[in-house]
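All remarks here apply to the structure that follows.
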Amino acid sequence: MQYRLPSLAVLALVSCGPSVRADAFDRYTNPILAKVPAAEGVKEVKQLTADLLFEHDRVLPGVPGAFVVVQTNDGRYAKLLLQPARQKINAERSIPILIIERFVTYREGDERTVRASGQNTYLFPGFRFSLDLGQIVPEELAADLHFVARGEEFHVAPVGKAKVYLVTKPLPEAAPKKPARPEIGAIFEPRYFNGTFKLYDDGRRSGTLVLKVEENGQVTGSYYSDRDGRKYEVNGKIAVPPHKITFTVKFPRTEQTFQGWLFTGDGKYLTGSSRLLDREAGFYAVRVEEE
């Protein structure tokens, strides 16, 4: 069996602009992961072998790797993309390894708040991994996964009370939803602000902004930080002219106020300024095409 050989070269990533489409892996938030154990097309496994990983590679559209969900020893849900590979030792010998392409462990009881996350983690034979800590751990510490190899064969096994679920087909709840994009008329209406935006704040912070405008012009919604997925309350109002908005994101110890204008040509971009404590800065937001 031929495994992918991990490259030691550094890949340069060139960004041509902000991405406003979440991939299939990102759409599996904590509430959806909680449905995985009972979902159709999911099987609990005690030994996750290379054959299973190869067979169920790219189950998520456009996302390389087998999609695995783990309920950790502490009862949290984690999602992982896994690929088998081999590490060359010399001209005649190599050993199996497991590549954790990406993983996210969510904090219990929250929609998107991240407990631990990472990518491009290599597990060698005998390594144990804690998804609650997001680290390779020694025998003295609790782990959720154990990478076991015997000769050419290997498998991943849950440790303790942890449970491993292999997803063999996408869950309907995680299917992308095409939001209704407003058809901008000759007269601008406040309802054009409704929707989800990817917000970029001063090149320092980013997140997902969800806005809902009432008939009286009051604005409610949520802001999800890209740093840890935490959700924050949003309140505001539509100003004059009607393509102007002011809103506040309420953080635990402070508030950040935004003032912006929505493009009247297509309603796709929102741009303006923000104030956090005594610092004033610029921001822009791009309407999300898929939610």
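Any value given below was found using the heavy atoms of this structure, including those in side chains, with hydrogens, waters and symmetry copies removed.
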For this session: Would you please name every residue forming a side-chain hydrogen bond (donor to acceptor under 3.5 Å, both in side chains) with D144, sequence neighbours left out?
Result: N73
Problem set entry | Side chains of P61 and P170 in contact at under 4.5 Å (non-hydrogen atoms) | yes
For this session: Begin from the C-alpha positions of V156 and V68 and carry the test side chain to side chain contact (heavy atoms under 4.5 Å, CB included) through to its verdict.
Result: CA-CA 11 Å; V156 185; V68 174; over 6 Å; no
Seminar exercise, completed: Looking only at heavy atoms, the pair that brings G65 and L81 closest together is O-CD2, 4.2 Å
Problem set entry | Flag if over 12 foreign heavy atoms under 6.0 Å of CG, D278 | no
Exercise. Rounded to the nearest 0.5 Å, how far does NZ of K43 lie from CG of L48?
Worked result: 10.0 Å
Seminar exercise, completed: CZ (F263) and NZ (K268) are apart, to the nearest 0.5 Å, by 11.0 Å
For this session: Please tell me if the side chains of L53 and L98 come closer than 4.5 Å, counting only heavy atoms from C-beta onward.
Result: yes
Exercise. Which heavy-atom pair separates A78 from T105 by the least distance, and what is that distance?
Worked result: CB-OG1, 3.4 Å
Exercise. Roughly how far apart are T168 OG1 and E55 CD, rounded to 0.5 Å?
Worked result: 8.5 Å
Exercise. So how far is it from D23 CG to R102 CZ, rounded to the nearest 0.5 Å?
Worked result: 4.5 Å
For this session: Name all residues meeting the salt bridge (charged side-chain N to carboxylate O under 4.0 Å, His left out) criterion together with E111; count only those two or more places apart in sequence or in a different chain, and write none if there are none.
Result: none
Exercise. What pairs with R93 under side-chain hydrogen bond (donor to acceptor under 3.5 Å, both in side chains), at least two apart in sequence or on another chain?
Worked result: none
Exercise. Partners of F197 by ring-ring contact (aromatic ring centres under 6.0 Å, His included), sequence neighbours excluded?
Worked result: none
For this session: Take the angle between the ring planes of F124 and F127 and call it parallel below 30°, perpendicular above 60°, tilted in between.
Result: perpendicular
Exercise. Under 4.5 Å between any side-chain heavy atoms of F54 and P84, yes or no?
Worked result: yes
For this session: Please collect all side chain to side chain donor-acceptor pair (under 3.5 Å) contacts where either partner lies in residues 124-137, sequence neighbours excluded, each pair once.
Result: T72-D132, R76-D132
Taking distance alone, no hydrogens or angles, what donor-acceptor pairs closer than 3.5 Å link side-chain atoms of residues 206-218 to residues at least two apart or in another chain?
| from | atom 1 | to | atom 2 | distance (Å) |
| --- | --- | --- | --- | --- |
| S206 | OG | D226 | OD2 | 2.6 |
| N216 | OD1 | Q218 | N | 3.0 |

Problem set entry | Contacts of type ring-ring contact (aromatic ring centres under 6.0 Å, His included), residue Y165, not counting sequence neighbours | none
Exercise. Do the non-hydrogen side-chain atoms of V286 and Y269 ever get within less than 4.5 Å of each other?
Worked result: yes
Problem set entry | Summary of ring-ring contact (aromatic ring centres under 6.0 Å, His included) pairs that have at least one residue in residues 80-121, sequence neighbours excluded | F103-F129
Problem set entry | Y224: partners by ring-ring contact (aromatic ring centres under 6.0 Å, His included), with sequence neighbours left out | none
Exercise. Hey, is CD1 on I89 packed in by over 12 heavy atoms from elsewhere, all under 6.0 Å?
Worked result: yes
Problem set entry | Those residues that, when tested against R150, pass side chain to side chain contact (heavy atoms under 4.5 Å, CB included) (two or more places apart) | V148, H155
Seminar exercise, completed: To the nearest 0.5 Å, atom CD of Q83 lies from atom CD1 of I97 at 10.5 Å
Please list, one pair per line, the donor and acceptor atoms closer than 3.5 Å that link side chains of residues 28-40 to other protein atoms, with sequence neighbours excluded.
| from | atom 1 | to | atom 2 | distance (Å) |
| --- | --- | --- | --- | --- |
| Y28 | OH | L171 | N | 2.9 |
| N30 | ND2 | R107 | O | 3.2 |
| N30 | ND2 | D110 | O | 2.9 |
| E40 | OE2 | K169 | NZ | 3.2 |

For this session: Please check if any side-chain donor atom of E255 sits under 3.5 Å from a side-chain acceptor atom of T248, or the reverse.
Result: no
Mind listing the side-chain donor-acceptor pairs of residues 231-238 below 3.5 Å, one per line with the distance, residues two or more places apart or on another chain?
| from | atom 1 | to | atom 2 | distance (Å) |
| --- | --- | --- | --- | --- |
| E233 | OE2 | N235 | ND2 | 2.7 |

Problem set entry | CZ-CG distance between R205 and L276, expressed to the nearest 0.5 angstrom | 5.5 Å
